[in-house]
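The chains referred to below are lettered A, B, ... by the order of the sequence lines, with proteins before strands, and numbering in each begins at 1.
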Protein chains: 2
Amino acid sequence: MDTSGSELSVLSAALKGAGIRMTHQRIEVFSELQASHGHPSVTEIYEGVRKRLPSISPDTVYRTLRLFSELGLIIPHSSTSSVTRFDVNVHEHHHFVCTRCSRIFDFTSSSIDPLEVPREAESFGEVQGVQLEVRGICRDCLRRERTQEE
Amino acid sequence: MDTSGSELSVLSAALKGAGIRMTHQRIEVFSELQASHGHPSVTEIYEGVRKRLPSISPDTVYRTLRLFSELGLIIPHSSTSSVTRFDVNVHEHHHFVCTRCSRIFDFTSSSIDPLEVPREAESFGEVQGVQLEVRGICRDCLRRERTQEE
DNA sequence: GCCCAGATAATAATATTTCTTATCTAGGAT
DNA sequence: ATCCTAGATAAGAAATATTATTATCTGGGC
């Protein structure tokens, strides 16, 4: 089955809805994402697109992936901020991760703790821990974005 | 209250248990972690320690934090691999993240889906999504480590 | 105190991500 | 169809993060 046409209409709708141009580069990055398996990295997407669009720049791929993330077409895996951060708190807790500023807020929840490991997860290997990861936009970023819109 | 002494005994026990030396650098990095709030980055720890140990190198901080992660003293937040990866699958699913090779495996779970957002998380901002993050060592890494031990 | 495997510092190299600026183009107006 | 321009891109440089190399140093068992 060829779903490339119908998939592209998703891109088209998302871009049009936000009043954003439909460019070659965005189409190619989008197709590359659709064709990818697992959790592609920026470099993987860049190398893939380069086969068809040899002159595309890394910068464009970065910008495009950020745009797609904002449009909800893809989900950046955890901190997009390229710096590794550490949890000094090794006790059970969960994370609220801001998708704008990538800050992480810890919380515990009496309603869900202790969290059990689903059986499906155990097949992948030896489990060390589980936590909930809630993605969202933090209060500070919400306030900042509201202010800028005025 | 001064808990630095008792905290240090945690480090001492962990290192001794693994037959690893207790060095100035490791002690200072450990103290810096204890004194830190939130989710410190490598650079933040490095800058902090440098005030007391001006000659420490970034390399040592990286190595030490990796060591502490392996000992379970801290938990690296998601992929330590410095590359941003993307989820092309925007439907609800969960992650098994390998703490060795940082590969991510997707899964869904009939027993827990749909996952609800705990009320505690909503106070941080506007929620976009939730997923479980299971940390562990994947089958491939387990096999490789077993082989190396022989 | 001596010794040496393990640990570190210094430096260079590599990888990732962002910035700057000149050029180009999608798509609405004409 | 052509023109126009805000938005988008390419190229290159720069900033930042991370890892590798190698010579030197040191913790802790003897």
### Message
Quick check on DNA chain C: between B:I20 and B:P54, whose nearest nucleotide comes earlier from the 5' end?
### Response
B:I20
### Message
Hydrogens and angles aside, do A:T60 and A:R63 bring a side-chain donor and acceptor to less than 3.5 Å of each other?
### Response
yes
### Query
Between C:dT8 and B:S55, is there an OP1 or OP2 to side-chain N/O distance shorter than 4.0 Å?
no
### Message
At less than 4.0 Å, is any side-chain N or O atom of B:Q25 found next to OP1 or OP2 of D:dT26? Yes or no.
### Response
no
### Gap between atoms NE2 and P, on B:H24 and D:dC25 respectively (whole Å)
16 Å
## Note on the structure
note: B:I56, atom CD1; D:dC25, atom C1'; distance rounded to Å ~ 14 Å
#### Entry: Euclidean distance, atom CZ of residue B:R66 to atom P of D:dT19 [Å, nearest integer]
5 Å
### Query
When we call it a touch if two heavy atoms are under 4.0 Å apart, what does B:R63 touch: a base, just sugar-phosphate, or nothing?
base
### Query
Quick one: B:Y46 OH to D:dT18 C1', roughly how many Å, whole number?
13 Å
### Task
Starting at atom CD of A:E28, determine the distance to atom P of C:dA26, rounded to an integer number of angstrom.
13 Å
### Query
Where the side chain of B:T60 is concerned, which of C:dT8, D:dG28, D:dA10 is the nearest nucleotide?
C:dT8
### Message
Can you identify which nucleotide, out of C:dA7, C:dA9, D:dT18, has its nearest atom closest to the B:D59 side chain?
### Response
C:dA9
### Message
Rounding to an integer number of Å, can you tell me how far A:L15 CG sits from D:dG7 C1'?
### Response
13 Å
## Note on the structure
Per side-chain contact (heavy atoms from CB on, under 4.5 Å), A:I74 is matched among A:L67, A:V29, A:L33 by A:L33
### Message
Categorize A:S57 for me: base, sugar-phosphate, or nothing, with a 4.0 angstrom heavy-atom threshold over every strand shown.
### Response
base
### Query
Which one, D:dT5, C:dT16, C:dA7, comes nearest to the side chain of B:R21?
C:dA7
### Query
Is B:R52 salt-bridged to B:E32, cutoff N-O under 4.0 Å?
yes
### Message
Side chains of A:Q25 and A:T64: any donor to acceptor distance under 3.5 Å?
### Response
no
### Message
Output the rounded distance in Å from OH (A:Y62) to P (D:dT9).
### Response
16 Å
### Message
Expressed as a whole number of angstroms, how long is the span from B:E44:CD to D:dT18:P?
### Response
12 Å
### Message
Please confirm whether the ring centroid of A:H95 lies under 6.0 Å from the ring centroid of A:H93.
### Response
yes
